[in-house]
Amino acid sequence: MKITSYGINAVNAYKNQVRNVKSDTNKASFADKIEISKAAQEMQGVSTYSTERAERVKKLKEDIASGEYKVDARKVAEDMLKYYRF
């Protein structure tokens with residue numbers, strides 16, 4: 001009778017096999033992308049809204065501080081009606 005020794009390698013024969021797993025190939029395909037149109041880029045660069053608004057706010061602050069600011073009651077009433085009607 002012949003007795004063979006069982007070593008550590010013989011316990012789990014599948015553990016020694018190399019497994020090829022492709023996990024890094026699909027990561028790039030699921031990335032989100034943002035594209036800004038040419039029209040939107042032009043609107044960002046050319047917009048003078050912020051400078052015009054800053055000038056208007058500055059003038060209003062000066063008028064309020066000096067006491068020259070007058071509220072147009074008719075305009076306020078029209079805007080309130082427009083707001084609550086729609």
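Worth knowing before you read on, the calculation uses all heavy atoms, side chains too, and leaves out hydrogens, waters and symmetry mates. Each residue takes its place number in the sequence, starting with 1.
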task: Could you pull out all residues at least two apart from E35 that satisfy side-chain hydrogen bond (donor to acceptor under 3.5 Å, both in side chains)?
output: none

query: Considering residues at least two apart in sequence or located in another chain, which fulfil the side-chain hydrogen bond (donor to acceptor under 3.5 Å, both in side chains) criterion with K61?
result: none

- line: The complete set of salt bridge (charged side-chain N to carboxylate O under 4.0 Å, His left out) pairs with one or both residues in residues 70-81, sequence neighbours excluded, reads K75-D79

- prompt: Is V76 isolated, or which residues cluster with it under the ILVMFWY side-chain rule of less than 4.5 Å, directly or via members?
  reply: L60, I64, Y69, V71, M80

- prompt: If you link I, L, V, M, F, W and Y whenever their side-chain heavy atoms are under 4.5 Å apart, who else ends up in the same group as Y84?
  reply: Y83

field: K58: which of E62, E55, R56 passes side chain to side chain contact (heavy atoms under 4.5 Å, CB included)
entry: E62

Listed partners of S66 passing side-chain contact (heavy atoms from CB on, under 4.5 Å), at least two apart: E68

